Amino acid sequence: MRFRKELSAMVEQIPEGMVSTYGDIARAIGDVVASRTIYSLLQEEWDGGLPIHRVVTSRGEAALSRYLQMLKEEGVPVENRKVRNLKDHLFKDFKSERILAKLREKQEELASKVSLEDGFKRVRTVGGIDVAYKGDSAFAACVILDVEKMKLVEERRLSGKVTFPYVSTYLSYRELPMIKKIFKRLKTKPDVLMIDGNGILHPRRIGIASHAGLELNVPTIGVTKRLLLGKLGKTPKKIGDFSSIIHEGCVLGMALKSSKSDRYVFVSPGHMISMKSALDLSRKLCFHRIPEPTRRAHRMATELRNKRTG
DNA sequence: GCGACAG
DNA sequence: ATCTTGTCGC
Ligand SMILES: [Mg+2]
């Protein structure tokens with residue numbers, strides 16, 4: 001979308017002789033979780049006129065030492081490789097579109113529409129989607145598997161560009177556009193779609209799998225390799241064992257010991273599926289740590305990228 | 001210094 | 001997620 005534009009609009013506003021922090025700019029844009037993303041983005045190449053040297057850490061540290069020299073020349077006190085008395089030099093009066101706050105409102109609205117009832121009778125086919133990246137180039141892959149025979153029914157690849165960065169809890173806005181495009185090109189719509197990301201296991205109960213389910217009107221399951229939030233009720237020990245993932249007093253997902261590895265996979269319903277069905281189907285599809293649909297999609301996406309880039 | 005927040 | 005070489009184990 002227009003994340004970079006919004007970011008540069010913030011940095012532009014910091015006047016000579018003042019500074020801001022990655023966290024304050026993230027808050028100005030609408031959510032402090034974006035601070036790390038903003039830090040990374042400001043390390044990249046920007047228009048020479050943009051005063052990225054005026055953005056420092058909350059401890060007053062600059063990304064490059066020459067930025068400190070520039071700040072000193074602009075009248076900002078520097079001591080010990082840091083901005084001295086940071087609080088006295090912080091620019092606070094940002095004019096902002098608050099795009100992340102707006103996206104968060106959209107998420108809350110969507111979250112109220114998520115259904116945790118099975119929206120299918122029997123599951124004959126399951127789809128898996130994943131996206132690989134090279135800079136702002138995206139490479140998506142989708143597979144449709146016959147659950148009984150575990151045979152490939154259809155495969156699809158698609159490359160494109162991304163404009164939105166990865167921001168934790170806003171993954172949809174980076175990855176969903178490619179997912180929607182590739183899904184719409186399928187000849188066979190799967191009974192259930194498995195996505196490499198969370199379903200309701202999300203602070204607003206609307207991870208990318210739930211979001212995708214709503215926008216594509218298909219039952220979805222979210223599966224991740226790392227836990228976004230919540231605590232395990234117990235510690236699964238044997239293959240096939242699982243534990244609830246509890247957050248704010250709610251069971252939002254299941255941690256599944258899907259292989260010999262000590263690392264779990266984290267399953268949550270996306271949309272039009274129950275917790276039980278999401279778990280049952282995930283267990284059935286785990287021949288390796290990662291369930292087969294997303295595992296194959298991940299391999300295909302990476303393969304496509306390597307073929308197209310090198 | 002530690003903990004940490006999917007992909 | 002990506003950046004990266006060889007290496008250990010099934
Ligand atoms: Mg992925």
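Reminder, nothing fancy here: chain letters follow the sequence lines and each chain counts from 1. Just so it is clear, the model here is predicted, and its values are computed rather than measured.
- Geometrically, A:K106 does not engage A:Y173 in a cation-pi contact defined by less than 6.0 Å to the ring centre and at most 45° from the axis.
- Ring-plane geometry between A:H53 and A:Y67 is classed as tilted, the angle between the planes lying from 30 to 60 degrees on a 0 to 90 degree scale.
- A 4.0 Å heavy-atom criterion places the boundary nucleotides of DNA chain C facing chain A at C:dA1 to C:dC3, written 5' to 3'.
- OP1 or OP2 of B:dG7 has at least one side-chain nitrogen or oxygen of A:K225 nearer than 4.0 Å.
- Annotation: A:Y170 is not in aromatic contact with A:H202 [ring centroid separation under 6.0 Å not met].
- Distance A:L252 CG to B:dA6 P: 16 Å, rounded to the nearest Å.
- Using cut-offs of 30° and 60° on the angle between ring planes, the pair A:F91 and A:F94 is perpendicular.
- Contacts of A:Y133 with the nucleic acid, taken as non-hydrogen atoms under 4.0 Å apart, involve only primed sugar atoms and P, OP1 or OP2.
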Watson-Crick or G-U pairs under 3.5 Å in DNA chain C, rendered as dot-bracket with [ ] for crossing pairs and | for another strand
..........

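- Among the heavy atoms of the strands lying under 4.0 Å from A:Y170 is at least one base atom, whether or not backbone atoms are also near.
- Using a 4.0 Å heavy-atom distance criterion, A:I208 is classed as a base contact.
- In this structure, CG of A:L100 is placed 18 Å from P of B:dC5, rounded to the nearest angstrom.
- Between A:L193 and A:I221 there is no side-chain heavy-atom pair separated by less than 4.5 Å.
- Residues A:V83 and A:L71 meet the side-chain proximity criterion, which asks for heavy atoms closer than 4.5 Å.
- The two residues A:Q107 and A:T169 have their closest heavy-atom pair at NE2-O, 3.0 Å.
- Residue A:N198 is classed as a base contact, given a heavy-atom separation below 4.0 Å to a base.
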